[in-house]
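Notes follow once the structure below has been shown.
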There are 2 protein chains.
Amino acid sequence: MTNDAPAPAMPKLADFLCFAVYSANLAYGRAYKPILDALGVTYTQWIAIVALWEEDGLTVGALGERLFLESNTLTPILKKLEVLGYVVRRRDPADERQVIVTLTPAGRALREMGAQRTLVQASGLTPDDFRRLQRDVTRLRDNLIQSVGHAAADPEPA
Amino acid sequence: MTNDAPAPAMPKLADFLCFAVYSANLAYGRAYKPILDALGVTYTQWIAIVALWEEDGLTVGALGERLFLESNTLTPILKKLEVLGYVVRRRDPADERQVIVTLTPAGRALREMGAQRTLVQASGLTPDDFRRLQRDVTRLRDNLIQSVGHAAADPEPA
DNA sequence: CCTTAATAGATCGTACACGATGCAATCGTA
DNA sequence: TACGATTGCATCGTGTACGATCTATTAAGG
């Protein structure tokens with residue numbers, strides 16, 4: 001034993017909020033897998049369809065803002081969804097740099113099929129706790145993003 | 001407009017707890033990036049070191065239980081950490097199937113360096129809220145995992 | 001009008017996650 | 001003690017994330 005006093009204030013893995021979020025995300029991925037397999041899409045493909053149902057005809061960039069993803073991640077996913085027949089990608093005639101993504105009828109039908117199956121039950125939370133946790137985690141996300149933005153905007157934080 | 005009554009009870013993306021967790025995880029990844037870049041490791045490599053600091057000499061499987069990862073994900077990460085000089089991997093002489101992972105002094109030193117930098121501030125939460133959210137997200141994760149385990153154990157759920 | 005800068009997507013390389021599979025070591029049981 | 005089953009780790013293929021870079025298009029300035 002080279003160190004018999006391993007520093008008193010070293011937090012454990014179970015105390016990390018980032019690890020709770022990380023591992024909860026992994027758990028969600030596994031819980032969603034059977035549902036999404038039945039629909040024939042992946043998780044990221046699915047949330048893209050959900051976002052487009054909510055607001056159709058978005059550009060790749062605008063969709064990325066809603067999903068917190070960049071074009072380098074979205075482009076291959078949207079191309080796959082196009083091959084599957086769930087979306088259409090076309091250049092905006094008014095600005096050929098932009099690509100407008102639209103749900104097909106098949107894409108809308110898929111969204112409606114998926115709405116039948118939820119995981120509220122698997123979360124083991126009451127509806128009130130569910131909503132509260134949803135709100136708190138969302139706020140955490142927004143705080144983190146804001147702090148990253150600040151760091152980027154401020155070249156000399158300390 | 002082909003559909004002027006788009007189903008009343010269709011939840012929005014912002015109402016999904018899974019999406020809150022998913023996007024919070026992305027946000028954490030970006031917030032952690034500068035810190036981990038300074039340490040020269042990735043997030044998954046980092047939590048592996050944290051787990052080994054907490055309990056050293058774990059097998060790949062036991063480490064995977066703590067991190068919620070399988071050997072197919074862990075093996076390449078641990079090999080990289082070995083190349084970097086932070087861990088040692090050796091077969092257990094008592095059971096040659098198992099590989100025991102041990103932190104090197106350099107690995108322990110890295111853990112101590114990383115402990116200086118935290119993101120509690122970036123979360124924008126009071127210490128109490130931080131702990132409460134950490135506990136709630138952890139419970140959500142465990143509930144999800146249990147529900148997946150049930151589904152796997154029960155061949156005919158419905 | 002022409003050149004330069006900015007913008008929006010797309011492409012490429014790296015690193016996870018994870019299902020499926022392979023393989024060596026061990027266990028269980030006759 | 002054979003030998004089939006199980007276990008533990010590793011390998012492979014697919015699909016995200018994301019930094020860096022490229023290209024085409026538009027905007028801005030002289």
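Values below: every heavy atom of this structure, side chains too, minus hydrogens, waters and symmetry copies. Everything quoted here is computed from the prediction, not taken from an experiment. Just so it is clear: chains get the letters A, B, ... in the order the sequence lines come, proteins before strands, and each one is counted from 1.
Taking side-chain N and O atoms only, Arg90(B) has no distance below 4.0 Å to OP1 or OP2 of dC9(D). The shortest distance between the side-chain N/O atoms of Lys79(B) and the OP1/OP2 oxygens of dT11(D) is below 4.0 Å. Taking side-chain N and O atoms only, Thr42(A) has a distance below 4.0 Å to OP1 or OP2 of dT16(D).
Here Glu70(B) lies out of heavy-atom contact (under 4.0 Å) with every strand.
Looking at which nucleotide of DNA chain D each of Asn72(B) and Gly29(B) is closest to, the 5′-most match is held by Asn72(B). Where Thr73(A) and Asp95(A) each meet DNA chain C at their nearest nucleotide, the meeting point lying more 5' is that of Asp95(A). Of the residues near DNA chain C, Thr75(A) and Tyr22(A), the one whose nearest nucleotide (by heavy atom distance) lies more toward the 5' end is Thr75(A).
Residue Ser71(B) places its side chain closer to dA10(D) than to any other of dA10(D), dA17(C), dT16(D). When distances run from any side-chain atom of Gln98(B) to the nucleotides dA25(C), dC9(D), dA20(D), the shortest one goes to dC9(D).
The backbone N or O of Ser123(B) lies less than 3.5 Å from a partner atom in the side chain of Asn143(A), making a donor-acceptor pair.
Atom CZ in Arg97(A) sits roughly 9 Å away from atom P in dG9(C) (whole-Å rounding).
Within a 6.0 Å radius of CD in Glu70(A), no more than 12 heavy atoms belonging to other residues, nucleotides or ligands are found.
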